[in-house]
Amino acid sequence: MAAGYLDILRARHAARLLTGTLVGRLPNGTAHIAIVLFTRAEGGSYTLAGALAAAYGLATAVGQPLLGRAVDLYGQPRVQFPAAVLSALGMALFAVAGLGSLPLAYAAVVLAGVATPPLEGGLRALWPSVLKREDRVHRAYALDAVAQEIMFTVGPLLVTLLVSLWSPAAALLVINAIGVLGALSVVLSEPSRTWRSAPREAHWLGALRSPGLLALLGAFFFVGLALGSITVAGVAYADDHGRESVYGWLMAALGLGALIGGLGYGARQWSGEPEKRLRVIVALLALGYLPLTLTPSVPAMTALAALAGVFLAPAIACSFIVVDRHAPRGTVTEAFSWLVTTFGVGAAVGTAAAGPAVELGSTAWSFAVAGAGGVAALAVLLATGRVLTAPARTAQVVAGSENDRNGAVEPGFSTGRKA
């Protein structure tokens, strides 16, 4: 298992791109907790903190596909780095101005969200040119999914450490400065500087004109909904057991399960159509969420949370392959950004739905929202099987995917992008 991942990281530019992207995404991965902590420190209510965090999340959802399309049109350095700087300036304005003017506070977090650079989609567009072979690219997708789990675990810990050492305002400034440095590392790399998207058909829908991509986005809206609801359900479960630490254990177990699942998925070379494989993985993901409604004792619930997380990273990694196969030619960064956006919107809806489920029913009902989300995701994949079965046209791609105009054709490496 480790040898396959080391093979990827030893490839020229790979470690730098992966690390730079994770560091560059740190502000986005920690924004919600940083905004809440800062707002509370400034005397704001939990309602205001939640509203500001939601405004940031919605702004990010709007900005990601728009900036992804801009990357496809104009290249990575001309979009990614200026966006990172602008997003950091928005958060700096929020940290400096505080809550003295609420319209200004909202404007600052919206600016930071809209300008969040689409580094996640950009990295996936670069993998084919860096790794050359299909099996290595697929393993890199799994490694990417695993690395995200690590970031979402370490990131909040880093924020709380900075808050304890200095202040919530300092945490906002430091995290976003680090993010700019990460984006800078990516855009100064040779693969990013030389990347060019394939010629694209002028169409106002861009990547969304692909029926297969729309089907995938519909499914992952519900995967995001399931994951978002678990974050609220976990708090309710911890309250029921009178210990805040229980929530940390549940989230850590969920992340550990995803880490194990992602490493195992990437260690194997998979054959067959990824669309069929994705349906099986999402079915197992849904099956893992359903037992959470039992809400047993803390040790048993922690074990169930770990089990529920096992198929999350494989589902995400497999979805990357499906996106790559169904994205219309010249829209790969935008397509990946739409996946990020849809997943995020689903998570926000799940968070909103789980709260009333607790109040109207019980903690078990809030976990039932997660189970329902998993089942709905599977239902979408099954109902759209025809459009997801095969892209409109399968053809060999250049080893550089959509970026290397002079690369040689890599035998057997086919993404099936539409012309």
For D72 and T331, does a side-chain donor sit closer than 3.5 Å to a side-chain acceptor?
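Short answer, no.
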How long is the straight-line distance from OH of Y106 back to CZ of F94, given to the nearest 0.5 Å?
9.5 Å
Can Q64 and T341 be counted as having a side-chain donor-acceptor contact under 3.5 angstrom?
no
Measure from the side-chain N and O atoms of T116 to the backbone N and O of A112, and report whether any donor-acceptor pair falls under 3.5 Å.
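Checking the backbone N and O of A112 against the side chain of T116, a donor-acceptor pair under 3.5 Å is found.
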Sidechain-backbone polar pair: T19 side chain, R16 backbone, donor-acceptor under 3.5 Å:
no
Do E120 and R124 meet the salt-bridge criterion of a basic N to acidic O distance under 4.0 Å?
yes
When you look at F222 and L378, which way does the side-chain contact (heavy atoms from CB on, under 4.5 Å) test go after all the steps?
CA-CA 9 Å; F222 289 108; L378 176 61; over 6 Å; no
Quick check: does any side chain N or O of T342 sit under 3.5 Å from a backbone N or O of L339, one acting as donor and the other as acceptor?
no
Polar side-chain atom of S229 near backbone of A370 as donor-acceptor pair, under 3.5 Å
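The answer is yes, because a donor-acceptor pair under 3.5 Å joins these two groups.
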Ignoring hydrogens and geometry, is there a side-chain-to-backbone donor-acceptor pair from T384 to V387 under 3.5 Å?
no
I'd like to know if the side chain of W270 and the backbone of Y265 have a donor-acceptor N/O pair within less than 3.5 Å.
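The answer is yes, because a donor-acceptor pair under 3.5 Å joins these two groups.
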Are E273 and R325 close enough for a salt bridge, meaning some N to O gap below 4.0 Å?
no
